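Below is one structure; the comments refer to it alone.
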Amino acid sequence: MLTCKEFLKELNDYLDDTLDPELRRELEGHAAECPNCWVIFDTSKKTIQIFKGLEPQPLPARVRDRLMAALERKMASKTSAKTRPPGPLTSPQA
Amino acid sequence: MYERKIYRLAKHITNSDEDAEDVLQETFLKAYEHLDSFLGHSRFYTWLVRIAVNEGLMKLRKRKTDRTVSLDETPEGLEEPVIREIAVWDGSPEKKYSQQELRALLNQAIQNLKPSFRTVFVLRDVEELSTEETAEVLNLSVPAVKSRLLRARLELRERLTAMFKKKGDDVFAYL
């Protein structure tokens, strides 16, 4: 049977469900026998779920406006650089 | 569509509304400018995240208020994760708190993590990048990402359990 330390070492892959089936069965067996490790697994899973469940907030209007204005300026400068007629290759003679 | 996620990511990395705003803007300006260099080897979103993470870490370094901003430090293996809070949660926090209250509690918990743990956690468990994508974005090895992620998850679990656990005798309800 796994020790608690070994259980913790594999906890990440157990939470991500990326363990091979045999090791997974060993962890499940340990969690069924060890209430402390079970509760650590359960509360870790809930910790991850609660963060994943939060939707990103809408951008504040001021932040969005500032971003859009900056992007528009950038696009305008890129467009004008492309459409500007090429300058003379040498300096004009006085 | 991506701007909300990039702004959230920037806020998590910098812990500052003002810096996050700058990071958001710089990220989209740089992405626009260097669109030609996006080769399609990774997802477009991962490419944006890489730019945002670099911008965010530069902000942190500039501020120099935090001595632990380097992601090159090697904290893994130095200390064992501390586990003090072993208790079941009191029902579902998602039902007990409004989204706004919950967001404030989670932000408070995540802000206390070291940047090197916080960034890995946010990329893996908030932005849902794979371990390999996270390693690529942060220039870390896969084992380093896994080690930091475990530390971050366990530290956050401690903090959230302290907030959400059953109180009194119920704390041992799972036994």
Side-chain angles (χ1 to χ4, degrees), chain A residues 3-19 27 31-82, chain B residues 2-9 11 17 20-22 24-29 32-33 80-81 83 85-89 92-94 99-100 102-103 105-107 109-110 121-122 124-128 130-131 145-147 149-150 153-161 164-165 172-175:
Chain A
T3 63
C4 295
K5 203 170 175 178
E6 288 165 334
F7 179 89
L8 271 188
K9 194 169 153 269
E10 303 296 341
L11 181 62
N12 250 355
D13 289 334
Y14 190 26
L15 289 163
D16 293 336
D17 204 9
T18 52
L19 285 175
L27 266 84
E33 297 287 321
C34 175
N36 284 355
C37 284
W38 176 82
V39 88
I40 289 168
F41 168 70
D42 182 62
T43 48
S44 298
K45 195 166 74 176
K46 286 175 175 160
T47 296
I48 296 167
Q49 279 169 351
I50 203 170
F51 275 99
K52 283 192 175 164
L54 269 193
E55 285 292 311
Q57 283 178 298
L59 283 186
R62 191 188 53 76
V63 176
R64 195 190 54 233
D65 292 348
R66 188 183 155 210
L67 173 66
M68 294 316 292
L71 277 172
E72 276 165 20
R73 276 198 305 276
K74 184 69 144 186
M75 284 177 198
S77 71
K78 220 170 180 177
T79 312
S80 65
K82 272 185 189 165
Chain B
Y2 292 132
E3 67 273 16
R4 288 161 61 164
K5 293 178 83 173
I6 294 293
Y7 185 57
R8 173 175 68 178
L9 171 66
K11 274 188 19 169
D17 286 356
E21 203 178 307
D22 290 346
L24 171 75
Q25 189 163 315
E26 281 304 310
T27 300
F28 278 91
L29 290 178
Y32 179 74
E33 190 154 345
E80 292 288 321
I83 294 177
E85 296 284 358
I86 301 183
V88 287
W89 287 9
S92 164
E94 290 96 329
Q99 278 269 309
Q100 204 179 350
L102 205 51
R103 184 172 279 117
L105 289 172
L106 297 185
N107 282 343
I110 209 169
F121 178 82
V122 167
R124 278 289 282 108
D125 285 342
V126 180
E127 301 308 329
E128 304 195 48
S130 69
T131 303
V145 169
K146 285 187 169 184
S147 157
L149 181 63
L150 179 62
R153 283 173 168 177
L154 288 175
E155 280 192 33
L156 284 172
R157 188 208 71 84
E158 283 286 316
R159 295 198 171 103
L160 297 199
T161 300
F164 301 143
K165 70 182 173 186
F172 298 115
Y174 65 94
L175 286 173

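The chains referred to below are lettered A, B, ... by the order of the sequence lines, with proteins before strands, and numbering in each begins at 1. Both backbone and side-chain heavy atoms feed into the values below; hydrogens, waters and symmetry mates do not. Remember, predicted model here, so these are calculated numbers, not experimental data.
Taking a 6.0 Å sphere around NZ of A/K9, one finds it holds 12 or fewer heavy atoms contributed by other residues, nucleotides or ligands.
Both the backbone and the side chain of B/E33 come within contact range of chain A, judged by heavy atoms closer than 4.5 Å. Looking at A/N12, the atoms closer than 4.5 Å to chain B (heavy atoms on both sides) sit in the backbone and in the side chain alike. Interface remark: A/R64 contributes no atoms to any contact with chain B (heavy atom separation under 4.5 Å). If you measure heavy-atom distances from B/L154 to chain A, the contacts under 4.5 Å come from the side chain alone.
A/S44 contributes atom OG, which lies 10.0 Å from atom CG of B/L160 (distance to the nearest 0.5 angstrom). Atoms CD and OH, from A/Q57 and B/Y7 in turn, are 8.5 Å apart once rounded to the nearest 0.5 Å. To the nearest 0.5 angstrom, A/C4 atom SG is 9.0 Å from B/I83 atom CD1. Here the straight-line distance linking atom CG of B/D125 with atom CG of A/L15 works out to 8.5 Å at 0.5 Å rounding. Atom CD in B/E21 sits 9.5 Å away from atom CG in A/L59 (nearest 0.5 Å). For the atom pair CG (B/L102) and CD1 (A/I50), the distance works out to 4.5 Å, reported to the nearest 0.5 Å.
When every heavy atom of A/A70 is checked against every heavy atom of B/L29, the shortest pair comes out as O-CD2, 3.6 Å. B/R153 and A/T47 make their closest contact through O-CG2, 4.4 Å (heavy atoms, listed as atom of the first residue, atom of the second, distance).
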Checklist entry - Hey, mind stepping through A/D16 and B/K146 against salt bridge (Lys or Arg N to Asp or Glu O under 4.0 Å) and telling me if it holds? => result CA-CA 11 Å; A/D16 293 336; B/K146 285 187 169 184; over 6 Å; no

Item to check | Pair B/Q25-A/R66, side chain to side chain donor-acceptor pair (under 3.5 Å): steps then yes or no | outcome: CA-CA 8 Å; B/Q25 189 163 315; A/R66 188 183 155 210; 3.0 Å; yes

Checklist entry - Could you go step by step and tell me if B/E3 and A/L67 meet the side-chain contact (heavy atoms from CB on, under 4.5 Å) rule? => result CA-CA 9 Å; B/E3 67 273 16; A/L67 173 66; 4.2 Å; yes

Next on the checklist: Please evaluate residues A/W38 and B/V88 with respect to the criterion side-chain contact (heavy atoms from CB on, under 4.5 Å), reporting the C-alpha separation (whole Å), side-chain torsions for both, the decisive distance (0.1 Å), and the verdict.
Outcome noted: CA-CA 10 Å; A/W38 176 82; B/V88 287; 4.1 Å; yes

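A donor and an acceptor atom, one from each side chain of A/T43 and B/R157, are located under 3.5 Å apart.
A heavy-atom distance below 4.5 Å is found between the side chains of B/L156 and A/F51.
At least one donor-acceptor pair closer than 3.5 Å links the side chain of B/R103 to the backbone N or O of A/E55.
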